[in-house]
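In what follows, chains carry the letters A, B, and so on, assigned in the order in which the sequence lines appear, proteins first and then strands, with residues in each chain numbered from 1.
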Protein chains: 2
Amino acid sequence: MIADMSIDFQERADNLIRQTGERATSGRIRVLAMLLAEQRPVSHQEIEERLRGKSRLNRVTLYRILDWLNDKCLVHRIVSDDRVWRFRANNDLRTHRHAHFKCTRCTRVMCLDDMKAEYDRPLPAGYRPLEVELTVKGLCAECV
Amino acid sequence: MIADMSIDFQERADNLIRQTGERATSGRIRVLAMLLAEQRPVSHQEIEERLRGKSRLNRVTLYRILDWLNDKCLVHRIVSDDRVWRFRANNDLRTHRHAHFKCTRCTRVMCLDDMKAEYDRPLPAGYRPLEVELTVKGLCAECV
DNA sequence: GCTATCATTGCAACCAAGTTGCATTTACTA
DNA sequence: TAGTAAATGCAACTTGGTTGCAATGATAGC
Ligand SMILES: [Mn+2]
Ligand SMILES: [Mn+2]
Ligand SMILES: [Zn+2]
Ligand SMILES: [Zn+2]
C-alpha cells in the first residue's frame with residue numbers, strides 16, 4: 001500500500017520533471033517524489049535525512065536540485081527567521097502567493113494555502129512592489 | 001552643527017540606556033547613538049564599518065550589544081531573506097509591529113512605519129498567533 | 001544498441017553570519 | 001577607593017549555503 005503510493009509519487013515526479021524539457025536524473029526524481037509525498041515544507045537537512053539509506057545524495061547536489069526545482073516552479077522555497085530554507089512541492093504550477101505559519105516551539109513551518117500574502121496601505125511614492133512575504137509566528141495546534 | 005547633533009544622540013543614548021537600570025557602557029552608548037542618528041535599519045556589518053576609527057568594538061561584543069538593545073526594546077531586529085539581521089532604533093518604547101520593505105536591487109531595508117503587519121483570515125483551528133512578519137519586496141524609489 | 005556531448009554530480013575547499021567558553025577588563029556600589 | 005558582578009575581547013566553533021573543477025551519466029543522433 002505504502003509501497004504503491006511511493007511508486008506513484010516517483011512516477012508523478014518523473015513526469016513533472018520531463019515536462020520541463022530538461023534531464024530527468026535520479027536525484028531530481030527522488031527529491032521531488034519525497035516532497036510530493038510529504039506535502040509540507042521540509043528543510044534541506046530533513047530531506048537529506050529522509051533520503052539516507054538509498055544511495056545518498058551529495059549535500060551540494062541536493063542544494064542544486066532544490067534550487068533547480070524552485071526555478072522550474074515545481075516547488076517553492078520558504079524563508080524563515082531561523083535562517084533555514086524549506087521547500088514544498090507546488091500543487092498547481094502557478095505560484096500561489098500564500099502566507100506561512102511558523103511554530104516557535106517545534107520550529108515547523110506550514111503553508112497557509114488560503115491566506116493570501118498581501119497588504120492594504122499604499123507604499124511610499126516611487127516604490128515598486130514585486131513580492132510579498134507574510135509569516136504568522138506562534139504555536140501550532142500540537143504545541144499549544 | 002553635525003558635531004552638536006552627534007553629541008545630542010550620544011546623550012539621548014546614554015539616558016535611554018540608564019533608564020533600563022543596567023550598565024551604561026561605552027559600547028552600548030556608541031551603538032545606540034549611531035542607530036538613533038541613522039533612523040533606518042542597519043546591518044551588523046554596516047555598524048561595524050561606521051564605528052571603525054574610534055577604538056573599534058569587537059565583533060562578538062557588537063552582536064551581544066545589539067541583542068541586549070533588542071531585549072530592552074531600544075531597537076528592533078528585522079530578519080530578511082538575505083540571512084542578515086538589521087537593527088533600527090525604536091522611536092517609542094512600545095514595539096509597534098509594522099511592515100518592512102526590502103529593495104532587491106540595493107538590498108536596503110526600510111520600515112513601513114504606518115503599515116501594520118497583520119492578516120485577515122482565521123488561522124487553522126488550535127493555532128495561536130504571537131507575532132506577524134510582513135515584508136514587501138521590490139524596488140525602492142532610488143532603484144526603479 | 002552505441003557513442004558523443006554536454007548537463008549534472010561529487011568532492012574539497014571556501015564563505016558569511018552568528019555562537020560559545022573563558023580569561024581579562026570595566027562600571028557601578030558601598 | 002576597593003570589591004564585585006557584569007561586560008568585553010579573543011580564539012575556536014557551528015550552521016547553512018557556495019564555488020571550481022574533474023568525473024559521471026542522461027539523452028540525442030546515428
Ligand atoms: Mn508555501
Ligand atoms: Mn522596523
Ligand atoms: Zn508546533
Ligand atoms: Zn533600493
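The salt bridge (Lys or Arg N to Asp or Glu O under 4.0 Å) contacts involving residues 26-35 of chain A comprise nothing, where partners must be two or more places apart or lie in separate chains. A side chain to side chain donor-acceptor pair (under 3.5 Å) check over residues 134-144 of chain A, counting only residues at least two apart or in different chains, returns the pairs A/Asp81-A/Lys137, A/Arg108-A/Glu142, A/Lys137-B/Glu133.
Rounded to whole angstrom, the span from the CD1 atom of B/Ile29 across to the C1' atom of D/dA6 amounts to 15 Å. Atom-to-atom, CZ of B/Arg56 to C1' of D/dT8 comes out at 16 Å; the value is rounded to the nearest Å. In this structure, CG of A/Asp67 is placed 17 Å from P of C/dA7, rounded to the nearest angstrom. Straight-line distance from the NZ atom of B/Lys72 to the P atom of D/dA6: 12 Å, rounded to whole Å. Here the P atom of nucleotide D/dT19 and the CG atom of A/Leu62 are 16 Å apart, to the nearest Å. D/dT27 atom C1' lies 15 Å from atom CD1 of A/Ile17, rounded to whole Å. A straight line from CG of A/Asp14 to P of D/dT27 spans 8 Å, rounded to a whole angstrom. One can place CH2 of A/Trp85 at 14 Å from P of C/dA17, the figure rounded to the nearest angstrom.
Using a 4.5 Å cut-off on side-chain heavy atoms (C-beta onward), A/Trp85 and A/Val79 make contact.
Residue-to-nucleotide proximity on DNA chain D shows that, of A/Arg83 and B/Leu57, the 5′-proximal contact is made by B/Leu57.
Partners of A/Arg64 by side chain to side chain donor-acceptor pair (under 3.5 Å), not counting sequence neighbours: none found. Shown here are the side-chain contact (heavy atoms from CB on, under 4.5 Å) partners of B/Asp67, two or more places apart in sequence or in another chain: B/Asp71, B/Arg77. By the side-chain contact (heavy atoms from CB on, under 4.5 Å) test, B/Ala37 is found to be paired with B/Phe9, residues two or more places apart in sequence or in another chain being considered. Scored by the side-chain contact (heavy atoms from CB on, under 4.5 Å) test, A/Arg59 finds A/His44, A/Glu48, A/Tyr63 as partners (sequence neighbours excluded). Under the rule for a ring-ring contact (aromatic ring centres under 6.0 Å, His included), B/Tyr119 has no partner lying at least two apart in sequence or in another chain.
Out of D/dC10, C/dG18, D/dA7, the shortest distance to the side chain of B/Asn58 is found at D/dC10.
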With 3.5 Å as the limit, what N/O pairs link the protein to nucleotides 26-28 of chain C?
| from | atom 1 | to | atom 2 | distance (Å) |
| --- | --- | --- | --- | --- |
| C/dA27 | N3 | B/Arg23 | NH1 | 3.4 |
| C/dC28 | OP1 | B/Arg18 | NH1 | 3.3 |
| C/dC28 | OP1 | B/Ala24 | N | 2.8 |

Listed pairs, N/O of protein and of nucleotides 28-30 of chain D, under 3.5 Å:
none

Are any protein N/O atoms closer than 3.5 Å to N/O atoms in nucleotides 21-24 of chain C? If there are, list each pair with its distance.
none

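Under the 4.5 Å side-chain heavy-atom criterion for grouping Ile, Leu, Val, Met, Phe, Trp and Tyr, A/Phe101 is not connected to A/Val84 through any hydrophobic cluster.
Between A/Arg88 and A/Glu38 there is no salt bridge, since none of the side-chain N atoms of the basic residue sits less than 4.0 Å from a carboxylate O of the acidic one.
Not one N or O on the side chain of A/Glu11 forms a donor-acceptor pair closer than 3.5 Å with the backbone of A/Asp8.
Five base pairs at each end of the helix from C/dG1-D/dC30 to C/dA30-D/dT1 define two local axes, and these are offset by 30° (rounded to 10°).
B/Leu74 pairs with exactly one of B/Val31, B/Asn90, B/Leu16 by the side-chain contact (heavy atoms from CB on, under 4.5 Å) rule, that one being B/Leu16.
For B/Arg59 against D/dG9, no side-chain N or O and base N or O form a donor-acceptor pair under 3.5 Å.
Taking every heavy atom of both residues into account, A/Ala13 and A/Ala33 meet most closely at CB-N, 3.6 Å.
Residue B/Val144 shares its hydrophobic cluster (ILVMFWY side chains chained together at separations under 4.5 Å) with A/Leu130, B/Leu139.
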